[in-house]
Amino acid sequence: MEQAYRLQYEVVDTLVRQWGVARAGFKISCTGAADRALIGALEPTYGTLTNAHLLDSGASIDLAGTNQPLVEPELVFRLIREPAPDATFEELADSVEVAAGLEVPICRFRNWWPEGAMPNLTLGGLIADNAVAGFVVVGPRWVRLTAAEIDAMAVELCAPDGRVSRGHATNVLGSPLAALSWLMGATRRLGVGIPAGSMVSSGTLTNPIRAVQGTFTATYPLVGDVTVTFADPKLSEERNNNNGA
């Protein structure tokens with residue numbers, strides 16, 4: 001795993017040097033016991049976020065130009081200050097602002113999660129591929145919440161066809177703050193800090209679902225809504241050509 005994280009860091013270093021992007025924080029994966037069992041992980045994993053991974057609510061993503069994207073509703077933390085290593089959940093909550101989020105995991109390996117099957121990906125491959133970091137769509141409201149308010153958070157995720165998935169913060173290691181605490185320890189072991197201003201996508205409140213064309217909306221109490229639209233330019237072009245004909 002350490003080797004895989006080192007490779008992840010080298011790839012991000014290359015992006016920073018060659019593409020001019022900046023590190024912005026982290027995303028946490030495999031926070032659910034079922035997800036860890038599927039990939040053979042004993043603990044969560046994390047990926048590195050750059051500013052190129054972050055999108056504002058209402059963003060549009062090219063469905064045809066991505067590789068089997070998923071949709072996951074997640075709370076996003078923004079660190080006001082770097083917490084102490086032994087910070088309690090209450091102290092962690094006092095160190096962050098919270099926003100509504102939708103993570104869009106995307107993998108670089110072909111057929112990485114076949115429909116109706118187990119992930120076709122090793123744990124080392126997942127980590128080296130930046131924990132399948134694609135995009136994190138962030139809602140417009142940043143609020144201060146107590147640890148109890150964070151732990152009580154629920155979400156409704158509405159898909160383009162009207163299907164609704166419901167989830168709860170306790171699906172994230174029992175608490176998204178537990179995920180943040182784990183991340184602090186995991187990054188510290190590898191000599192990586194989480195400075196003030198960093199954003200952390202803390203883990204999905206529902207099971208991941210496959211992205212399809214249309215708009216997904218996640219609704220959270222206290223922090224509001226966040227939306228993302230998946231567009232297929234090829235289909236739009238075909239419709240335009242048919243209408244023109």
Side-chain angles (χ1 to χ4, degrees), residues 12 22-32 35 43-57 59 71-105 130-155 157 167-188 190 192-206 208 218-226 228:
V12 174
R23 289 178 179 80
F26 299 91
K27 58 147 291 183
I28 307 175
S29 295
C30 298
T31 52
D35 293 337
E43 63 176 3
T45 63
Y46 69 84
T48 305
L49 296 176
T50 71
N51 55 354
H53 291 104
L54 299 174
L55 302 175
D56 292 332
S57 180
V71 180
E72 300 177 346
E74 307 197 0
L75 292 176
V76 180
F77 296 138
R78 182 167 64 188
L79 272 67
I80 300 170
R81 56 185 171 274
E82 189 170 354
D86 58 350
T88 64
F89 284 7
E90 289 75 14
E91 290 168 337
L92 286 176
D94 193 50
S95 301
V96 300
E97 298 173 310
V98 186
L102 280 171
E103 192 200 343
V104 181
N130 204 13
V132 295
F135 300 102
V136 176
V137 186
V138 183
R141 290 184 60 201
W142 289 97
V143 299
R144 301 288 299 278
L145 299 175
T146 66
E149 288 172 329
I150 291 171
D151 289 349
M153 190 71 68
V155 68
L157 176 62
H168 197 272
T170 52
N171 293 331
V172 185
L173 289 184
S175 166
L177 294 168
L180 178 59
S181 180
W182 171 85
L183 177 67
M184 290 170 52
T187 54
R188 193 164 53 247
L190 291 171
V192 180
I194 311 178
S198 298
M199 293 193 192
V200 176
S201 190
S202 59
T204 183
L205 278 68
T206 70
T219 301
Y220 302 80
L222 303 180
V223 293
D225 296 353
V226 57
V228 63

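Just so we're clear, the structure is a prediction, and the values are computed from it rather than from any experiment.
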Under 4.5 Å between any side-chain heavy atoms of [X] and [Y], yes or no?
X    : Y    : result
V98  : I150 : yes
N130 : V12  : yes
T88  : L92  : no
S95  : F77  : no

Side-chain donor/acceptor of [X] to backbone N/O of [Y], under 3.5 Å:
X    : Y    : value
R141 : D225 : no
T187 : L183 : yes
S198 : I194 : no

Query - Verdict with supporting geometry, Y220 and L75, side-chain contact (heavy atoms from CB on, under 4.5 Å) - result: CA-CA 9 Å; Y220 302 80; L75 292 176; 3.8 Å; yes
Quick check: closest heavy atoms across [X] and [Y], and the distance to 0.1 Å?
X    : Y    : answer
G47  : A131 : N-CB, 3.5 Å
E72  : P208 : OE2-CG, 3.2 Å
A99  : V138 : CB-CG1, 3.9 Å
D86  : E91  : O-OE1, 4.2 Å
D151 : P176 : OD1-CD, 4.0 Å
V226 : A100 : CG1-CB, 3.9 Å

Can you list everything that forms a side-chain hydrogen bond (donor to acceptor under 3.5 Å, both in side chains) with [X]? Sequence neighbours excluded, please.
X    : value
T48  : Q8
T206 : none
T204 : none

So, using side chain to side chain contact (heavy atoms under 4.5 Å, CB included) as the criterion, who are the partners of [X] when residues are at least two apart?
X    : answer
A179 : I28, T31, V172, L173
I80  : E97, R144
N51  : V21, A22
N171 : H168

Tell me, please, which residues at least two apart from [X] pass salt bridge (Lys or Arg N to Asp or Glu O under 4.0 Å).
X    : answer
E43  : R189
E103 : K27
R81  : D94

Query - E74 vs S201, side-chain hydrogen bond (donor to acceptor under 3.5 Å, both in side chains): CA-CA, chis, key distance, verdict - result: CA-CA 6 Å; E74 307 197 0; S201 190; 2.7 Å; yes
Report task. Quick one: pull up CD in E90 and OG1 in T146 and give me the separation to the nearest 0.5 Å. Result -> 8.5 Å
Query raised in the report: What is the distance from atom CG of L102 to atom CG of L157, rounded to the nearest 0.5 Å?
Result: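 Reported value, rounded in 0.5 Å steps: 6.0 Å.
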Query raised in the report: By ring pair (Phe, Tyr, Trp, His ring centres under 6.0 Å), which residues pair with F26, not counting sequence neighbours?
Result: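 F26 satisfies ring pair (Phe, Tyr, Trp, His ring centres under 6.0 Å) with Y46 only.
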Report task. Could you please spell out the steps behind the side-chain contact (heavy atoms from CB on, under 4.5 Å) verdict for L54 and M199? Result -> CA-CA 9 Å; L54 299 174; M199 293 193 192; 3.9 Å; yes
Requested in this report: Sorted by first residue and then second, give each salt bridge (charged side-chain N to carboxylate O under 4.0 Å, His left out) pair with at least one member in residues 174-187; sequence neighbours left out.
Outcome: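 Of all non-adjacent pairs touching residues 174-187, none passes salt bridge (charged side-chain N to carboxylate O under 4.0 Å, His left out).
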Requested in this report: Go through V228 and L55 one step at a time and tell me if the side-chain contact (heavy atoms from CB on, under 4.5 Å) criterion holds.
Outcome: CA-CA 9 Å; V228 63; L55 302 175; 5.6 Å; no
Report task. I would like to know whether V76 and V200 meet side-chain contact (heavy atoms from CB on, under 4.5 Å); could you show each step before the answer? Result -> CA-CA 6 Å; V76 180; V200 176; over 6 Å; no
